[in-house]
4 protein chains.
Amino acid sequence: MVITLQLDSSTPLYEQLRNQIVIGIATGELKPEEKLPTVRQLADDLGINTMTVNKAYALLKQEGYIVIDRRHGAKVRIPTLPASSDPSPQIEEQLQLIIAQATIQGVDQSRFQAICSQIFAKMVYRLP
Amino acid sequence: MVITLQLDSSTPLYEQLRNQIVIGIATGELKPEEKLPTVRQLADDLGINTMTVNKAYALLKQEGYIVIDRRHGAKVRIPTLPASSDPSPQIEEQLQLIIAQATIQGVDQSRFQAICSQIFAKMVYRLP
Amino acid sequence: MVITLQLDSSTPLYEQLRNQIVIGIATGELKPEEKLPTVRQLADDLGINTMTVNKAYALLKQEGYIVIDRRHGAKVRIPTLPASSDPSPQIEEQLQLIIAQATIQGVDQSRFQAICSQIFAKMVYRLP
Amino acid sequence: MVITLQLDSSTPLYEQLRNQIVIGIATGELKPEEKLPTVRQLADDLGINTMTVNKAYALLKQEGYIVIDRRHGAKVRIPTLPASSDPSPQIEEQLQLIIAQATIQGVDQSRFQAICSQIFAKMVYRLP
DNA sequence: GTGGTCTAGACCACC
DNA sequence: GTGGTCTAGACCACA
């Protein structure tokens, strides 16, 4: 899986890292139970500090995306949630902001939905 | 229009302010040509510094959401662009992350689309 | 002569006004000895305060572009300077900044000179 | 690189700072990838507030002149755009005003072009 | 150690 | 009256 960081972005490196791993999990590039690189290795590959990778992993663990096993390192968590639940209010809030911006930019609902469909098509994450 | 800031949030105050005003414009709570509160007034109401409001206004101006007229203060910009159908790549990226998270949280596409519809229903912003 | 003001510009109205009149003089839209509109009339036409027009006229007078006669109002000044003098250091400084920006934007010297020629072609101001 | 601010100028300090840095980049005094002083350092050297320097840096970043890397501070951006031959309309407008003023001051085209050449001779910025 | 954010309070230009 | 600028000093997140 390819990870690219923008060093000059306003979003912190650890957050960019976290975001890309989350997307990787959702798109199936990282499968459940799959082992993530070690902190040191990933930091080396990306040319960043181990602390930064550490922070990203800790965040992902705290959010429940991965599990960290002292013996085997970090692994993608096996899905446990049932389907069709509601999104967290946090996500709904972010979605509202995005839709507001899109609306003002002149994107109508049907176009927006089409784009969502395209993105969903790439998500192959399967629930239990 | 009611604006509420979370002082303990990681998103800066001026950005929260900017976001809420953008949503206000999209939902029609703030209509085109409508005058925004003065920086002093808003700063007072929210109990924050004028420079913070100033920064939010400057950002909104730079992004083209509002217009600052030396004579009458800040106003919501009248829409000029025709429906441009495609969202900015930046928005698409954010949307991908949101959908990834929703997917892992167990929200399926139809549920997601339903939520989008609900949000779109509140957007009454009309293009020229 | 058509004057258009941007109410939301960062350059003050009186300065925009002054700039457009200076350009009008240089392009010959306003000829030497030609009478400018009265302060009140111009203010009315543009929908701005008379003080603003007043300030622009005062500035133009101070800079030597116009003369203000109490009986006949404001007139374009008859040129007195000999040709081939050097530009004011102020102008040279501004020019340096513009060329710096153009260079970084990827405009090379020949292209720049061509644009200058185009602009000069429109200047029909004749010296004594 | 020497930076001198005029405290009594009508152009804001942060803009003077921005202008001088832009010129520095174009003249090669600041080379691509070169690190700019830290905001604190520069503020100290110039005897102004850190926020003022901050604002200048933010502006330069927004305009694409510099890049701010969380790890190493601000750096001159490596040129990426190929020679685009045409200047922005904004620059063309400024140029028109300058030429208008020069014309009225009695500077003819050949003299003006000569001055441009002199200035261009100092610009050593090279595109990719 | 870096930039980013925020405050309280001040002054100024513009209209 | 408005927004814009600047200061001095503080705290925080990031790396």
Side-chain angles (χ1 to χ4, degrees), chain A residues 5 7-17 43 46-56, chain B residues 5 7-17 35-44 46-58 61 66-75, chain C residues 5 7-17 43 46-56, chain D residues 5 7-17 35-44 46-58 61 66-75:
Chain A
L5 300 178
L7 298 177
D8 62 331
S9 167
S10 65
T11 48
L13 294 182
Y14 81 92
E15 204 173 324
Q16 292 184 48
L17 196 46
L46 298 172
I48 60 178
N49 200 305
T50 57
M51 294 291 291
T52 308
V53 179
N54 218 335
K55 197 162 180 179
Chain B
L5 300 179
L7 298 176
D8 61 337
S9 165
S10 68
T11 50
L13 294 182
Y14 78 91
E15 206 172 323
Q16 292 184 45
L17 194 45
K35 197 177 169 304
L36 297 181
T38 68
V39 286
R40 280 185 252 271
Q41 178 78 48
L42 191 48
D44 242 39
L46 298 173
I48 61 176
N49 195 282
T50 57
M51 288 215 47
T52 308
V53 178
N54 198 340
K55 199 164 179 179
Y57 276 21
K61 176 189 169 191
I66 66 172
V67 153
I68 294 178
D69 180 333
R70 270 219 182 67
R71 301 177 302 173
H72 310 103
K75 283 186 193 172
Chain C
L5 300 179
L7 298 178
D8 61 331
S9 166
S10 66
T11 49
L13 294 184
Y14 81 92
E15 205 172 323
Q16 291 184 48
L17 196 47
L46 298 173
I48 60 178
N49 198 304
T50 56
M51 296 290 292
T52 309
V53 179
N54 218 335
K55 197 162 180 179
Chain D
L5 300 179
L7 297 177
D8 60 339
S9 166
S10 67
T11 50
L13 295 180
Y14 78 91
E15 205 172 323
Q16 292 183 46
L17 194 46
K35 197 176 168 305
L36 297 180
T38 69
V39 286
R40 281 185 252 270
Q41 178 78 48
L42 190 48
D44 242 40
L46 297 173
I48 60 177
N49 193 282
T50 57
M51 289 215 48
T52 308
V53 178
N54 199 340
K55 198 163 180 180
Y57 277 21
K61 176 189 169 189
I66 65 172
V67 155
I68 294 178
D69 180 334
R70 270 220 182 66
R71 302 177 302 175
H72 310 103
K75 282 186 193 171

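Letters go in sequence order (proteins before strands), and every chain restarts at 1.
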Task: Protein-nucleotide distance (A:K55, atom NZ; F:dA13, atom P), rounded to Å - done: 8 Å
TODO: Quickly work out the B:I66 CD1 to F:dT2 C1' distance and round it to whole Å.
DONE: 13 Å
- [ ] Figure out the CG/C1' separation between B:D69 and F:dG4, and round it to whole Å.
- [x] 15 Å
- [ ] Would you name the heavy atoms of D:A74 and D:I68 that are closest together and state the gap between them?
- [x] CB-CG1, 4.1 Å
- [ ] Sort out the partner of F:dA13 for me: Watson-Crick or G-U wobble, both distances under 3.5 Å, none otherwise.
- [x] E:dT2
Task: Rounded distance in Å - CD (C:Q16) to C1' (E:dC15) - done: 13 Å
Task: Heavy-atom pair with the smallest gap, counting every atom of A:S9 and A:Q16 - done: CB-NE2, 3.4 Å
Open item on the list: Both D:H72 and B:T11 contact DNA chain E. Which one's nearest nucleotide lies toward the 5' end?
Closed with: D:H72
- [ ] Evaluate the criterion side chain to side chain contact (heavy atoms under 4.5 Å, CB included) for residue pair A:L13 and A:L46; output intermediate values, then yes/no.
- [x] CA-CA 11 Å; A:L13 294 182; A:L46 298 172; over 6 Å; no
Open item on the list: Base, sugar-phosphate or nothing for C:N49? Non-hydrogen atoms, less than 4.0 Å.
Closed with: nothing
Open item on the list: Looking only at the side chain of B:M51 (C-beta and beyond, no hydrogens), which of the listed nucleotides F:dC6, F:dA8, E:dC14 gets closest?
Closed with: F:dC6
- [ ] Would you state whether a donor and an acceptor, one from the side chain of B:R40 and one from the base of F:dG3, lie under 3.5 Å apart?
- [x] yes
Open item on the list: Would you say D:T52 places a side-chain N or O within less than 4.0 Å of OP1 or OP2 belonging to F:dT5?
Closed with: no
TODO: Please name the pair of heavy atoms, one in D:K35 and one in D:H72, separated by the smallest distance, quoted to 0.1 Å.
DONE: CE-O, 3.0 Å
Open item on the list: By nearest heavy atom, map D:G47 and B:L36 onto DNA chain F; which one lands nearer the 5' end?
Closed with: B:L36
Task: Rounded interatomic separation in angstrom, taking CD from C:E15 and P from E:dA13 - done: 13 Å
TODO: Would you indicate which nucleotide in E:dA8, F:dT7, E:dC14 comes nearest to any side-chain atom of D:L13?
DONE: F:dT7
Open item on the list: Taking any heavy-atom pair under 4.0 Å as a contact, classify B:N54: base, sugar-phosphate, or nothing.
Closed with: base
Open item on the list: Nearest to the D:P12 side chain among F:dC6, E:dC14, E:dC6, which nucleotide is it?
Closed with: F:dC6
Task: Least distance between heavy atoms, D:R71 atom then A:L7 atom - done: NH2-CD1, 2.9 Å
TODO: Output the single nucleotide from F:dC6, E:dT5, F:dC14 whose closest atom is nearest the side chain of D:R70.
DONE: F:dC14
Task: Whichever of B:L7 and D:R71 has its nearest DNA chain E nucleotide further upstream toward 5' - done: D:R71
- [ ] Give the rounded distance in Å between these two atoms: CG of C:L17 and P of E:dC14.
- [x] 14 Å
TODO: Please check the phosphate of E:dT5 (OP1 and OP2 only) for any side-chain N or O of B:Y14 closer than 4.0 Å.
DONE: yes
Open item on the list: What is the distance, to the nearest angstrom, from the NZ atom on D:K35 to the P atom on E:dG1?
Closed with: 12 Å
Task: For atom CD1 of D:I68 and atom C1' of F:dA15, their distance in whole Å - done: 15 Å
- [ ] For residues D:Y57 and D:L42, report the shortest heavy-atom separation together with the two atoms involved.
- [x] OH-CD2, 3.5 Å
